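Worksheet: one structure, shown below.
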Amino acid sequence: RCWKGCFGKGMPPVHRRLHINLDTTMRRTRLANLIAHELETLIQEGVWVPGAYLPPERVLADRFKVSRVSIREALRLLEARGVIEIHPSSGARVRSSTTAVGHLLASRLEGLSLTDLFEFRYIVEPEAAALAARRADKDVLDRLAEILTEQEASLQDVHGFLALDLEFHQLIAVASGNGVLQEMVSALNAGLRETRLRAIKATFDPIRSLEGHRRVLEAILSGDADGARQAMRQHLKEVEASALGAGVPRGGDEGWEGHG
């Protein structure tokens with residue numbers, strides 16, 4: 001059990017804060033989401049300040065009484081949200097921008113209409129995909145391909161599929177090599193929880209979303225900037241229609257998606 005002082009001064013018991021039932025039937029993705037939420041809360045409370053490194057995976061796994069696989073997935077979610085950055089040689093570090101523009105923008109997005117968010121993604125994400133086609137490095141490309149494989153295995157697990165969706169879009173922003181784009185997409189991801197839920201309630205089609213991801217990645221892998229831009233627009237258009245439950249998105253010829 002993890003009592004006060006486990007992670008920092010005055011830290012309440014993690015097992016009590018999370019309220020996690022560690023029964024073996026709990027879905028791994030649900031557990032990873034809960035752990036990610038708890039870690040992000042601790043960061044916001046100042047347990048780990050910008051620039052600080054989180055404890056190693058084995059230490060976090062011991063504190064949360066979960067497997068290192070669950071910790072690794074939770075850290076990936078935080079990286080996709082722009083909260084931390086992961087370095088293979090040194091570990092997970094809290095991003096210095098966590099308390100700056102990204103989180104400020106994310107907080108301002110709350111309460112905005114989905115159509116406004118969609119229009120903003122029309123402007124941002126196709127260009128991020130085009131830049132990624134020119135600049136993406138092998139590590140990011142390999143992870144994008146892994147995400148598609150994991151999504152294919154998660155078609156019956158909506159929460160798991162959507163968590164991977166978030167990571168896919170965030171990594172494309174990372175691959176663009178533009179720090180401002182990374183912050184903006186991270187903030188958008190933070191503000192898209194409502195969109196995801198609405199997509200699920202409407203006509204969310206994970207197979208179609210996966211196909212859209214494949215088209216985007218194929219263009220990026222081939223270095224086709226224009227193709228990546230068009231593939232992202234088409235993908236976003238399809239998910240916007242799903243999220244809004246409408247046949248034709250407000251974006252017209254091109255669009256984005258509520259999620260995907």
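Hydrogens, waters and symmetry mates are skipped; everything else that's a heavy atom, side chains included, is used. Residue indices begin at 1 and follow the sequence shown. Please read these numbers as outputs of a predicted model, since none were measured by experiment.
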Quiz item: Are any non-hydrogen side-chain atoms of His169 and Met232 less than 4.5 angstrom apart?
Solution: yes
Exercise. Determine the sole option in Leu78, Val83, Ile84 for which the side chain to side chain contact (heavy atoms under 4.5 Å, CB included) test with Leu39 is passed.
Key: Leu78
Quiz item: Taking atom CE of Met184 and atom CD of Glu125, what is their separation to the nearest 0.5 Å?
Solution: 10.0 Å
Quiz item: In terms of side-chain geometry, is the basic nitrogen of Asp142 or Lys138 positioned less than 4.0 Å from the acidic oxygen of its partner?
Solution: yes
Practice problem: Give, for atom OG of Ser176 and atom CZ of Arg134, the distance between the pair rounded to the nearest 0.5 Å. | Solution: 11.0 Å
Quiz item: What pairs with Glu57 under side chain to side chain donor-acceptor pair (under 3.5 Å), at least two apart in sequence or on another chain?
Solution: Arg72
Quiz item: For Arg93, what residues pass the side chain to side chain donor-acceptor pair (under 3.5 Å) criterion, not counting sequence neighbours?
Solution: Glu85
Self-check item: Ser70 side chain to Val66 backbone, donor-acceptor under 3.5 Å
Solution: no
Practice problem: Measure the spacing between OG of Ser154 and CG of Asp165 and express it to the nearest 0.5 Å. | Solution: 11.5 Å
Exercise. Answer yes or no: is there a side-chain heavy-atom contact under 4.5 Å between Ile172 and Leu131?
Key: no
Quiz item: Roughly how far apart are Ile220 CD1 and Arg215 CZ, rounded to 0.5 Å?
Solution: 13.0 Å
Quiz item: Hey, quick one: are Val49 and Leu42 part of the same hydrophobic cluster, counting side-chain heavy atoms closer than 4.5 Å, chains of contacts allowed?
Solution: no
Practice problem: Please identify each residue that fulfils side chain to side chain donor-acceptor pair (under 3.5 Å) with Arg214, with sequence neighbours left out. | Solution: Glu152
Quiz item: Is any NZ, NE, NH1 or NH2 atom of the basic residue among Glu167 and Arg143 found under 4.0 Å from an Asp or Glu carboxylate oxygen of the other?
Solution: yes
Quiz item: Which atom names give the shortest non-hydrogen contact between Ala129 and Ala228, and what distance separates them?
Solution: O-CB, 3.5 Å
Quiz item: Side chains of Gln230 and Gln234: do they bring a donor and an acceptor to under 3.5 Å?
Solution: no
Quiz prompt | Student check: side-chain heavy atoms of Leu34 and Phe64 closer than 4.5 Å | solution = no
Practice problem: Kindly indicate whether the side chain of Val94, heavy atoms from C-beta on, has any atom under 4.5 Å from the side chain of Tyr53. | Solution: no
Quiz item: Shortest non-hydrogen contact from Pro55 to Val59?
Solution: CB-CG1, 3.8 Å
Exercise. State the CG-CG distance between Leu144 and Leu217, to the nearest 0.5 angstrom.
Key: 5.5 Å
Exercise. Determine, for Arg68 against Glu73, whether the closest basic-nitrogen to carboxylate-oxygen distance falls under 4.0 angstrom.
Key: no
